[in-house]
Amino acid sequence: MGTHSKFGDYGGQYVPEALMPAIEELTEAYERYVLDNEDGFREEFGRRLADFGGRPTPLQRADQLSARYDTEVYLKREDLLHGGAHKLNNALGQVLLAKYMGKERIIAETGAGQHGTATAMAAAHLDMPCEIYMGETDIARQRPNVFRMRINGAEVTPVTTGRGTLKEAISETMRDWSRTVETTHYVIGSVVGPHPFPAMVRDFQAVISEEAREQCREKTSRLPDAVLACAGGGSNTMGAFDAFAGDEDVGLYAVEAGGSSLSVDEDEGVAPNSASLSTGEEGVLHGARTKVLQDSDGQIMESHSVSAGLDYAGVGPELAYLVDEGRVNAVNVDDAAALEAFHRLSREEGVIPALETAHAFGYLHERADNLGDLVVVNVSGRGDKDLETVVEETGERDIETAPDMDLFREVGGGI
Amino acid sequence: MGTHSKFGDYGGQYVPEALMPAIEELTEAYERYVLDNEDGFREEFGRRLADFGGRPTPLQRADQLSARYDTEVYLKREDLLHGGAHKLNNALGQVLLAKYMGKERIIAETGAGQHGTATAMAAAHLDMPCEIYMGETDIARQRPNVFRMRINGAEVTPVTTGRGTLKEAISETMRDWSRTVETTHYVIGSVVGPHPFPAMVRDFQAVISEEAREQCREKTSRLPDAVLACAGGGSNTMGAFDAFAGDEDVGLYAVEAGGSSLSVDEDEGVAPNSASLSTGEEGVLHGARTKVLQDSDGQIMESHSVSAGLDYAGVGPELAYLVDEGRVNAVNVDDAAALEAFHRLSREEGVIPALETAHAFGYLHERADNLGDLVVVNVSGRGDKDLETVVEETGERDIETAPDMDLFREVGGGI
Amino acid sequence: MGLEQAFDDGPAFVPYLAAGDPGYEESLAYVEALARGGADVVELGLPFSEPIAEGTTIQEAIVRALDAGMTPHRYFEFVEDLAVDVPLVCMTYYNLIYQYGTESGPRPFVERAAEVGIEGFVVPDLPAEEAGPLRAACDEFGLDLVFLVAPTTTDERLERMREQVSGYVYVQARLGTTGAREDVSDHTARSLSRIVDWDVPEAVGFGIKTGGHAERIVRAGADGVIVGSALVDIVAEGHANDDPTEEVADRLEAKARELKEGALRGAGRLEAESD
Amino acid sequence: MGLEQAFDDGPAFVPYLAAGDPGYEESLAYVEALARGGADVVELGLPFSEPIAEGTTIQEAIVRALDAGMTPHRYFEFVEDLAVDVPLVCMTYYNLIYQYGTESGPRPFVERAAEVGIEGFVVPDLPAEEAGPLRAACDEFGLDLVFLVAPTTTDERLERMREQVSGYVYVQARLGTTGAREDVSDHTARSLSRIVDWDVPEAVGFGIKTGGHAERIVRAGADGVIVGSALVDIVAEGHANDDPTEEVADRLEAKARELKEGALRGAGRLEAESD
Ligand SMILES: Cc1ncc(COP(=O)(O)O)c(C=O)c1O
Ligand SMILES: Cc1ncc(COP(=O)(O)O)c(C=O)c1O
């Protein structure tokens with residue numbers, strides 16, 4: 001842990017003046033409770049992560065993949081965390097911190113709904129009122145997650161401006177926060193946004209690599225040669241890497257969504273990928289300087305990925321820094337490879353990964369020969385949320401690893 | 001653990017002759033590997049349950065419920081097990097046993113799809129071909145689970161006879177097994193069926209109470225006054241009770257589905273509940289003598305519950321016996337109380353339970369005053385699979401604990 | 001106990017139908033047609049809601065019969081209404097036997113069965129280990145209890161059955177549930193050889209569909225052939241096509257004759273057909 | 001640096017519009033109408049794709065302008081095409097300033113802005129802590145850099161801004177993002193009192209909608225009133241109804257006049273209205 005407002009030139013606090021006091025208050029609270037463990041914050045956080053969240057999550061040997069690649073492959077099973085993804089580590093940490101800060105209300109934005117559901121669960125657990133902003137287009141696309149939030153007692157406020165997706169929801173949440181900073185904490189969902197979010201979210205997620213490092217030594221008496229994690233904003237990524245950062249022989253691979261292509265359409269302002277680390281340029285987005293998918297004017301592009309959770313035009317500033325420094329390898333795989341990997345892991349290991357996670361396995365498949373003898377892959381979440389997308393996207397492609405889709409067509413209707 | 005083919009008069013092996021050799025072979029394998037731990041079966045099982053399944057699951061204090069009922073309420077979090085329910089404990093145990101027995105193929109029946117998905121996951125994990133029989137009506141109703149099985153590599157064979165639901169699927173699986181006993185193991189999904197299934201499934205599920213008993217002592221320095229678990233076939237129930245069986249001061253409550261009413265319609269052969277322990281009569285069903293919902297002729301009735309996983313006309317013979325003996329209290333709550341409890345737990349604790357599980361919380365709500373100072377409730381599974389049902393059933397009722405359903409209606413369409 | 005005698009005159013033909021399939025009256029006519037066609041014993045199914053030992057064909061027959069209102073009480077009336085003089089064996093599942101009457105246990109059912117003239121039972125979900133109470137009731141009322149022997153039955157279990165069986169033994173020709181099949185497995189000869197010294201007749205079933213099958217089964221040493229699905233198929237088809245009862249009955253009678261004659265040929269009692 | 005002078009003649013009226021909303025030509029006409037209506041400075045928004053500091057009204061104006069093709073390059077042409085002689089302040093987000101030109105950093109953008117005659121900047125996502133490079137470029141080219149002061153701004157941060165601010169200070173009258181509101185918060189007087197000794201004029205914005213609001217704000221001590229959403233509402237409505245550009249321009253001019261007169265009344269330079 002550490003408190004830097006910057007990582008090299010990245011990071012910082014590019015936020016409206018009205019939010020600065022909240023950011024400063026939060027920075028102070030982060031330092032007091034998270035870093036200096038005042039009032040036993042860290043113990044309570046650890047206890048709740050264990051009892052409510054289900055930590056530690058296992059580090060599991062993947063028998064079939066190990067045989068297939070002739071490499072020891074281990075899975076860090078964040079899919080087993082309550083809610084089905086690593087997101088709860090952060091949401092629980094922030095809601096608890098808000099409680100320590102005396103805040104009375106939680107707000108968050110969500111796109112695919114994963115961060116929203118994690119936040120709603122954490123807020124219910126800690127008895128805090130919670131409001132989630134979500135674009136109306138996303139609400140229509142992600143009904144199960146909307147319902148999960150609602151039954152966890154959260155208000156879900158549809159955002160009707162613009163295209164009704166994540167970016168409008170972020171703006172709307174910022175707007176709420178700048179009206180209500182005194183009583184409200186805004187739970188950001190990844191290692192993005194202004195300081196202290198990138199550092200704080202990383203610290204909350206670092207438990208992934210702290211456990212994995214220990215578990216790997218216990219099970220194999222050594223450290224891995226490589227750690228793979230998918231990267232959207234980069235929170236599971238930083239979480240999976242952090243404790244290995246000082247182990248120079250451990251290769252760290254941030255696997256971004258290559259989407260359908262790495263090229264961009266400047267005229268339409270559309271990037272058919274979400275590979276900010278690989279193809280983005282330095283810029284300022286949502287409060288931080290980082291790598292951003294943008295056109296030559298600096299307008300943010302619409303990103304695209306088969307996986308909603310990776311579909312973001314920015315990336316955590318620390319990750320951008322570590323890539324520039326050469327400590328982290330920024331790589332990417334495309335939609336088809338991710339789908340193929342989704343089916344491969346499901347079928348061969350009995351673990352249905354999130355489509356986000358599947359990207360990491362896509363890279364493993366492409367490069368297993370070059371990753372060394374012992375590879376840890378972070379299974380950032382489970383794929384139940386993605387079934388509908390997978391049926392649709394698999395049907396449109398010729399995916400070798402997929403089951404025959406006839407049964408679904410026969411029975412007809414949606415999932 | 002122990003091997004009894006009978007529990008009082010209950011249990012036994014009422015199966016077609018063609019299956020008897022398989023049953024005998026299985027009984028022997030159960031005794032050798034599970035009871036006598038030959039070839040280190042128990043260690044391997046325990047290791048795989050931990051690494052693949054995510055055991056131990058936490059015993060979590062429910063802060064809000066504890067305050068509400070002025071009673072210490074603890075949750076045994078089987079919803080965090082891989083796949084989302086206790087079902088994997090059993091499926092993994094049986095598939096592993098089949099492997100030790102040299103079987104080459106796994107079959108299972110499934111109704112709501114929970115046992116089928118657990119079995120498909122376990123089979124994929126252990127690299128065994130797997131075929132799941134499922135009524136075509138159920139296939140249409142439970143598409144997400146069908147898809148989960150398929151992407152885990154299992155064949156899902158639609159059963160088109162009769163009404164195309166669980167009972168036809170059971171018959172069809174028996175039929176397959178009697179053709180293929182030599183190479184195939186039939187993974188039964190609860191503590192039902194002929195010996196050794198009731199004893200064996202209980203032993204595989206007993207890890208729930210073994211852990212809970214230890215965890216309870218660690219956290220509270222005492223044993224609970226009451227343990228509550230929902231009961232369909234009774235596997236999470238027996239699993240949650242087993243280690244407490246000898247602790248006479250620990251009250252054990254098997255909460256059945258009271259459905260819409262405890263009365264039955266003899267003419268239609270329909271019981272609007274699944275409360276076999278409370279309202280059933282001794283009979284022989286699916287290989288065992290037990291309590292059964294049947295008409296006065298002995299024809300098995302169609303049972304009903306808002307929760308598909310409790311919707312079964314029989315119950316495990318050992319549970320029937322323990323109820324007759326007075327060791328276990330057979331109680332029940334109706335559909336509306338279960339729905340209400342579903343919403344209450346979700347909203348107040350941030351844990352969305354399976355509708356099956358919600359019955360146990362319904363009983364807690366009704367009787368918290370009479371259960372003592374420390375209650376453990378087994379959270380047998382998570383409720384993600386039930387979202388669609390809950391939206392529908394909540395909309396039809398006036399459930400006080402439910403969120404306003406307008407958002408769902410507004411956005412329209414199915415989940 | 002009279003079932004054994006049905007096998008005295010050479011190879012017996014033992015057809016099965018579900019009572020009440022597809023309706024009460026039709027079913028009476030069909031069973032009578034089988035008797036006319038040469039049945040030596042009729043296995044008359046009492047439909048149970050969970051027929052776990054049956055193939056799809058018979059399962060569907062059972063669903064039709066249940067939907068048409070068949071119950072244990074109606075079943076006994078049905079037996080009384082039947083105008084046949086071949087011995088009847090009641091084939092059903094144990095729960096119906098166990099639940100019948102006010103006193104629990106099999107005795108009331110057996111008593112009533114004896115009253116209406118049933119001579120024995122086949123209970124596919126009742127292995128020898130659980131059969132004590134039913135065997136006792138059968139002894140009390142003079143009825144036979146038939147057991148099934150499967151290709152996979154162990155020697156130890158064979159002994160247990162041998163102690164309790166009476167009437168005849170039902171030899172399952174191959175693995176699987178009931179259902180008509182083209183081939184006749186060579187499990188048959190092997191299975192028969194294992195029980196050759198039993199003192200009850202050996203009837204072979206599962207998968208017998210044609211006179212030719214019956215012939216070969218008997219030639220392999222069987223004392224009788226049991227045929228279910230091939231006959232139920234005729235009932236099902238007639239029902240699906242809405243054919244007049246008499247036509248279906250005629251077809252059943254003809255099929256029965258074919259099977260009976262096949263059996264006789266197998267025993268050298270009729271000239272062999274080239275098949 | 002000329003912005004300060006715009007406040008010399010008494011309370012200034014500082015309207016905001018997004019350049020290019022809803023289209024290039026209309027937008028030119030609208031800005032010119034504001035000048036005719038009495039604007040002393042115009043804050044001319046350069047639309048950015050992620051306007052995190054704006055309320056819904058202005059966010060939608062930005063979407064319209066972007067959809068109609070507004071870019072930084074077009075923006076500078078727009079400024080050149082404008083026939084107004086009031087000072088222009090460019091209001092935009094830092095990423096657009098940072099990315100402009102081949103060399104990274106704010107210098108090329110500021111240079112070009114100076115060329116077309118822009119006199120200052122408001123950058124809502126650039127706090128004083130990160131403003132060093134932009135401040136330097138502004139100094140180099142003689143432009144002003146306006147900062148926002150919020151009701152929640154700490155004294156420590158006020159100091160940091162005071163060191164860097166020039167032109168005027170934008171006092172946020174209440175918490176929240178931009179957006180027209182009926183009430184004028186009494187945060188205003190309190191906020192103004194905290195910066196009363198700064199040597200730049202104090203313009204108050206957020207929630208000012210009517211001449212009456214403007215009057216009270218100036219009476220509370222403001223040197224000027226900043227009005228955005230109330231004007232953008234007129235543009236949006238005209239666009240929604242497909243009203244002729246001149247009609248909408250006339251409405252904007254009238255609204256500008258109302259606001260300017262309100263401000264003058266607040267300073268006792270026109271007779272007070274009963275409101
Ligand atoms: C399962 C899963 N993995 C990964 C991500 C990407 O987020 P991050 O890069 O912050 O880990 C998401 C976001 O929703 C997710 O749900
Ligand atoms: C979550 C859950 N709980 C309980 C049950 C009921 O089964 P049992 O009574 O065997 O535990 C099911 C069955 O599908 C289930 O999915």
Side-chain angles (χ1 to χ4, degrees), chain A residues 5-6 9 11-25 159-163 166-168 170-184 193-195 266-267 269 281-290 292-302 313-314, chain D residues 46-57 59-60 62-63 66-67 70-75 92-102 104-105 109 123-131 147-154 156-158 160-161 170-172 174-179 206:
Chain A
S5 104
K6 301 242 169 132
D9 282 341
Q13 303 182 313
Y14 295 82
V15 296
E17 182 55 32
L19 295 181
M20 282 304 296
I23 293 288
E24 290 183 339
E25 186 189 350
V159 177
T160 55
T161 44
R163 291 183 188 79
L166 179 61
K167 50 187 254 174
E168 289 84 9
I170 292 177
S171 297
E172 197 64 37
T173 319
M174 292 260 184
R175 221 164 276 154
D176 179 320
W177 204 28
S178 44
R179 275 191 307 273
T180 59
V181 277
E182 281 138 325
T183 57
T184 298
H195 179 74
E266 273 261 352
D267 286 348
E281 296 286 338
E282 196 183 328
V284 173
L285 177 63
H286 294 145
R289 179 176 299 198
T290 184
V292 176
L293 295 178
Q294 52 187 325
D295 67 15
S296 56
D297 287 337
Q299 302 288 7
I300 308 307
M301 299 226 223
E302 241 186 81
Chain D
L46 162 57
F48 178 53
S49 53
E50 318 294 313
I52 56 172
E54 316 299 344
T56 312
T57 308
Q59 186 182 24
E60 284 173 352
I62 286 172
V63 170
L66 286 173
D67 287 348
M70 184 48 68
T71 66
H73 297 278
R74 294 279 285 157
Y75 179 83
T92 193
Y93 288 76
Y94 192 56
N95 200 48
L96 294 187
I97 297 175
Y98 185 80
Q99 301 301 330
Y100 191 81
T102 44
S104 91
F109 190 93
V123 188
D125 67 342
L126 191 71
E129 288 78 357
E130 312 284 357
F147 285 93
L148 276 111
V149 170
T152 46
T153 301
T154 56
E156 198 187 331
R157 305 205 63 261
L158 277 183
R160 243 171 271 160
M161 282 184 226
Y170 185 148
V171 178
Q172 186 177 327
R174 53 174 182 79
L175 277 184
T177 43
T178 57
F206 275 56

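What you see below is based on every heavy atom in this structure, not just the backbone, and it leaves out hydrogens, waters and symmetry mates. Naming convention: chains lettered A, B, ... in sequence-line order (proteins, then strands); numbering from 1 in each chain.
Taking the side chain to side chain contact (heavy atoms under 4.5 Å, CB included) definition, one finds that D:Gln99 meets it with A:Gln294, D:Asn95, sequence neighbours left out. Residues satisfying the side chain to side chain donor-acceptor pair (under 3.5 Å) criterion with A:Glu25, sequence neighbours excluded, are A:Lys103.
Comparing A:Glu168, A:Glu172, A:Glu282 by heavy-atom pairs within less than 4.5 Å of chain D, the highest count is held by A:Glu282. Top candidate by heavy-atom pairs under 4.5 Å with chain A, chosen from D:Thr153, D:Val123, D:Leu66, is D:Thr153. Heavy-atom pairs under 4.5 Å with chain A were tallied for D:Arg157, D:Met161, D:Glu60; the largest tally goes to D:Arg157. Comparing D:Leu96, D:Leu126, D:Asp67, D:Ile62 by heavy-atom pairs within less than 4.5 Å of chain A, the highest count is held by D:Leu96.
At a 4.5 Å heavy-atom cutoff, A:Thr160 makes no contact with chain D through either its backbone or its side chain. Proximity to chain A (any heavy atom under 4.5 Å) is shown, for D:Phe48, by both the backbone and the side chain. A:Leu285 touches chain D through its side chain: at least one heavy atom from C-beta onward sits under 4.5 Å away, while N, CA, C and O do not. Of the two parts of D:Val149, only the backbone, made up of N, CA, C and O, holds a non-hydrogen atom closer than 4.5 Å to a non-hydrogen atom of chain A.
Ion pairing between a basic and an acidic side chain is recognised when a charged N comes within 4.0 Å of a carboxylate O; D:Glu130 and A:Arg289 show no such pairing.
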key: Evaluation steps, side-chain contact (heavy atoms from CB on, under 4.5 Å), between D:Glu54 and D:Tyr93   = CA-CA 11 Å; D:Glu54 316 299 344; D:Tyr93 288 76; 2.7 Å; yes
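Proximity of a side-chain donor or acceptor of A:Thr161 to a complementary backbone N or O of D:Thr56 within less than 3.5 Å is not detected. In terms of modelled atom types and a separation under 3.5 Å, the side chain of A:Asp297 and the main chain of A:Gln299 share no donor-acceptor contact.
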